[in-house]
*Asks:* 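The following block contains the structure, expressed as structure tokens.
So that the names make sense, note that chain A is the first sequence line, chain B the second, and so on, each numbered from 1.
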Amino acid sequence: MIEPRTLKGFRDHLPAQALARERLLDVARRVYRGYGFAPIDTPALEYLEILTGKGSEETDKQLYRFTDHGGRDVGMRFDLTVPFARFAAQHVHDLGLPFKRYHMATVWRGENTQRGRYREFMQCDFDTIGTTSPVADLEMVLVVHDLLAAIGIGGFTIRLNDRRVLAGMLGRLGLAERSGTVLRSLDKLGKATREAVAAELAAHQVAAPAVEALLEMAELRGTPQSMLARLGALVSGSEQGEAGVAALESLLAGATAAGVPADRVVVDPSIARGLDYYTGIVLESFLDELPALGSICSGGRYDNLAGLYTKQPLPGVGASLGLDRLLAGLEELGHASKVETAADVFLVHFDGARLPDYLRIAAALRAAGMGVEFFPEPKKVGQQLKLAARRGFPGALVIGGDEFAAGTAQFKNLATQQSVTIDWHGDLRVLVDAVHSQLEAAKHAG
RNA sequence: GUGGCUAUAGCUCAGUUGGUUAGAGCAUCGGUUUGUGGUACCGAGGGUCGCGGGUUCGAGUCCCGUUAGCCACCCCA
């Protein structure tokens, strides 16, 4: 026997989980489309040269790579941004600018696993390229907000910052050269203690007064207005820094105008993002009940997406929803649904001799848009109902000899265990309408 | 990739200082004279004690390796 098992960091998805994933995909798709983003897809495999040297040394190490049967060096995509850069460079002429796309697909990273962190996972990206308009930045924030709100996860917070504010600050402190290491240290403030971060900065040869100034900035908290005022003061004189503060200000004003609740969006100067290509606004979002899970939706603005593949500058802004991480969070918080069926009605196979009638009824219900699972065997009714209840069907339809004789049917609400009798006198349309309304009632009651 | 913790039935766990055919609850399946599920009763199936090696008369129990999970670093979704 071969032991059935999955690779480290790779997982099977059972119906309950697969249904939850599909629901999230549906929500994301709906929100993205609602803003005019169009779907695209790209291959899971790319020429190795397309993928290497794009993200950072880290992503190169994590890349799954091999030589294909034709001797080509290939790699599996580790995010959806790099393939999109290649895609954009290749197809710009057919797309028209600005171009908005969404892309929901699996990516692979050969790194160590942890909760909410796998080697195979799905991302749901959306980006607008070919415009530097702040409206596109604002739209990104609105999409992220609508997305997280629509998923119905309870509290969440979108943390905003602008790379230019950080750059301005570092410039004033004479640390522009070392922005990478400094920002990475600063980025840990949420997780590590202030002392640990200070020590790390000191280890990176940052002078004590500069460390103090950086921490003071990164730890600023308060209303957006006060934050902006204080950040403005900190970077005053830096053209870059002032531009960043102004951008944040207009972004917050726009979000408010679009109806985003004030407590959903905060300015957080410690948000830096590790990815080097961000140049303007950056954003991360967290579940209020589970901030330790990490960001579930992150993004920002970049000046030039596809510079490595084309001479045409393609500025853009976009973000990525970490579907599997979010799902892990929902499960941990007990928001995971136990439903294991995608159908609405469980049709009990009561009397084997009535098979043609059951088939006719099931077909009629399906034609009316209801999902129907018909049990394949005329097993004991109790067993059939037990299975149906376990799978989470909202309703079961019980029609045996007595019902057929009387022209009735029992609709059983599996959650409440209560049945109602439907009089349909052999008229399928009456039965279909009645089942439909019973189903709606059962769903809304639950 | 580095370090720490963990690993017994599908799930949650027992398993005495290493000592006979490894147990429980829940779950699953069957039944309680064959038309109705979450309660009751009866019964059944299911364990290479993660895997491999070592120490020992004898290891689930000790040692080493390995795989997987969790946590930290790192990075991020």
*Asks:* Are OP1 or OP2 of B:C70 and a side-chain N or O of A:T113 less than 4.0 angstrom apart?
*Replies:* yes

*Asks:* Where the side chain of A:R159 meets the backbone of A:E284, is there a donor-acceptor pair that is under 3.5 Å apart?
*Replies:* no

*Asks:* Is the base of B:G35 stacked against the aromatic ring of A:F350, taking ring centres under 5.5 Å apart and planes under 30° as the test?
*Replies:* no

*Asks:* Give me the one residue out of A:L290, A:I153, A:I296 that meets side-chain contact (heavy atoms from CB on, under 4.5 Å) with A:L330.
*Replies:* A:I153

*Asks:* Provide, to the nearest angstrom, the distance between the CD atom belonging to A:E331 and the C1' atom belonging to B:C11.
*Replies:* 15 Å

*Asks:* How many Å lie between CG on A:L326 and C1' on B:C76, as a whole number?
*Replies:* 16 Å

*Asks:* Looking across every strand, which nucleic acid part, if any, lies under 4.0 Å from A:A415 by heavy atom: base, sugar-phosphate, or nothing?
*Replies:* base

*Asks:* Kindly list each side-chain donor-acceptor pair under 3.5 angstrom involving residues 400-413 of chain A, sequence neighbours excluded, with atom names and distances?
*Replies:*
{"unit_1": "A:E403", "atom_1": "OE1", "unit_2": "A:G400", "atom_2": "N", "d": "3.0"}
{"unit_1": "A:E403", "atom_1": "OE2", "unit_2": "A:Q410", "atom_2": "NE2", "d": "2.9"}
{"unit_1": "A:N413", "atom_1": "OD1", "unit_2": "A:A415", "atom_2": "N", "d": "2.9"}
{"unit_1": "A:N413", "atom_1": "OD1", "unit_2": "A:T416", "atom_2": "N", "d": "3.2"}

*Asks:* May I ask you to say what A:L414 touches in the nucleic acid, namely base, sugar-phosphate or nothing, with a heavy-atom cut-off under 4.0 Å?
*Replies:* base

*Asks:* On a plain distance test, is the side chain of A:K412 in donor-acceptor contact with the base of B:G37 below 3.5 Å?
*Replies:* yes

*Asks:* Take atom C1' in B:U28 and the same atom in B:G45, then report the distance between them in whole Å.
*Replies:* 9 Å

*Asks:* Quick check: on RNA chain B, is the nucleotide nearest A:G400 upstream (toward 5') of the one nearest A:N112, or the reverse? Name the residue that is more 5'.
*Replies:* A:N112

*Asks:* Should the pair A:R391 and A:F346 be classed as cation-pi, given the thresholds of under 6.0 Å to the six-membered ring centre and 45° from the axis?
*Replies:* no

*Asks:* Between atom NE2 in A:H103 and atom C1' in B:A77, what is the gap in whole Å?
*Replies:* 15 Å

*Asks:* Under 30°, 30 to 60°, or over 60°: which ring-plane class applies to A:Y32 and A:F126, parallel, tilted or perpendicular?
*Replies:* tilted

*Asks:* In this structure, how many angstroms lie between the C1' atom of B:A27 and the CD atom of A:Q383, rounded?
*Replies:* 16 Å

*Asks:* Please determine, for the side chain of A:K380, which listed nucleotide (B:U28, B:U36, B:U32) has the closest atom?
*Replies:* B:U32

*Asks:* Roughly how far, to the nearest 0.5 Å, is the CD atom of A:E120 from the OG1 atom of A:T106?
*Replies:* 5.5 Å

*Asks:* What's the gap between B:A40 and B:G25 when it is taken at their P atoms, as a whole Å value?
*Replies:* 13 Å

*Asks:* Send over the distance from A:E120 CD to B:A77 C1', rounded to a whole Å.
*Replies:* 14 Å

*Asks:* Main chain of A:M122, side chain of A:D324: is a donor-acceptor contact present, judged purely on distance under 3.5 Å?
*Replies:* yes

*Asks:* The side chain of A:L385 is closest to which nucleotide in this list: B:U36, B:A77, B:U28?
*Replies:* B:U36

*Asks:* For a quick check of understanding: with a heavy-atom distance under 4.0 Å over all strands, which category does A:N413 fall into, base, sugar-phosphate or nothing?
*Replies:* base

*Asks:* Report yes if at least one side-chain N or O of A:T6 is closer than 4.0 Å to OP1 or OP2 of B:A68; otherwise report no.
*Replies:* no

*Asks:* Distance between the P atoms of B:G3 and B:G50, in whole angstroms?
*Replies:* 23 Å

*Asks:* Taking the six-membered ring for Trp, are A:Y278 and A:Y302 parallel (under 30°), tilted (30 to 60°) or perpendicular (over 60°)?
*Replies:* tilted

*Asks:* OP1, OP2 of B:A68 versus side-chain N and O of A:Q114: anything below 4.0 Å?
*Replies:* no

*Asks:* On the nucleotide B:G69, are OP1 or OP2 found under 4.0 Å from the side-chain N or O atoms that A:K8 carries?
*Replies:* yes

*Asks:* Taking A:F156's backbone N and O only, do any of them form a donor-acceptor pair with A:R264's side chain (distance below 3.5 Å, no angle check)?
*Replies:* yes

*Asks:* Does A:R115 place a side-chain N or O at less than 4.0 Å from the phosphate oxygens OP1/OP2 of B:C71?
*Replies:* yes

*Asks:* List the steps and the verdict of salt bridge (Lys or Arg N to Asp or Glu O under 4.0 Å) for A:R109 and A:D79.
*Replies:* CA-CA 9 Å; A:R109 292 182 195 173; A:D79 72 5; 5.2 Å; no

*Asks:* Any base atoms under 4.0 Å from A:G294, or only sugar-phosphate, or nothing? Heavy atoms, all strands.
*Replies:* nothing

*Asks:* Between A:H349 (NE2) and B:U36 (P), how many Å, whole number?
*Replies:* 17 Å

*Asks:* Rounding to an integer number of angstrom, what distance separates B:C49 and B:G18 when you compare their C1' atoms?
*Replies:* 14 Å

*Asks:* When rounded to the nearest Å, what value does the distance between P atoms of B:G15 and B:U20 take?
*Replies:* 15 Å

*Asks:* Which value, in whole Å, describes the distance between the P atoms of nucleotides B:A22 and B:C26?
*Replies:* 22 Å

*Asks:* Using the P atoms only, state how far B:C64 lies from B:C73, rounded to an integer number of Å.
*Replies:* 27 Å

*Asks:* In whole angstrom, give me the gap between the C1' atoms of B:G31 and B:U21.
*Replies:* 28 Å

*Asks:* Does a nitrogen or oxygen in the side chain of A:K379 sit under 4.0 Å from OP1 or OP2 of B:G30?
*Replies:* yes

*Asks:* Tell me: CG of A:D79 to C1' of B:C75, nearest whole Å?
*Replies:* 13 Å

*Asks:* Any N or O donor-acceptor pair under 3.5 Å from the base of B:C76 to the side chain of A:R109?
*Replies:* no

*Asks:* Categorize A:G110 for me: base, sugar-phosphate, or nothing, with a 4.0 angstrom heavy-atom threshold over every strand shown.
*Replies:* nothing

*Asks:* Could you write out RNA chain B as a dot-bracket string, with dots for unpaired bases, | for bases paired across to another strand, and Watson-Crick or G-U pairs counted at under 3.5 Å?
*Replies:* (((((((..((((.....[...)))).(((((.......))))).....(((((..]....))))))))))))....

*Asks:* Atom CD of A:E403 and atom C1' of B:G35: how far apart are they, to the nearest Å?
*Replies:* 8 Å

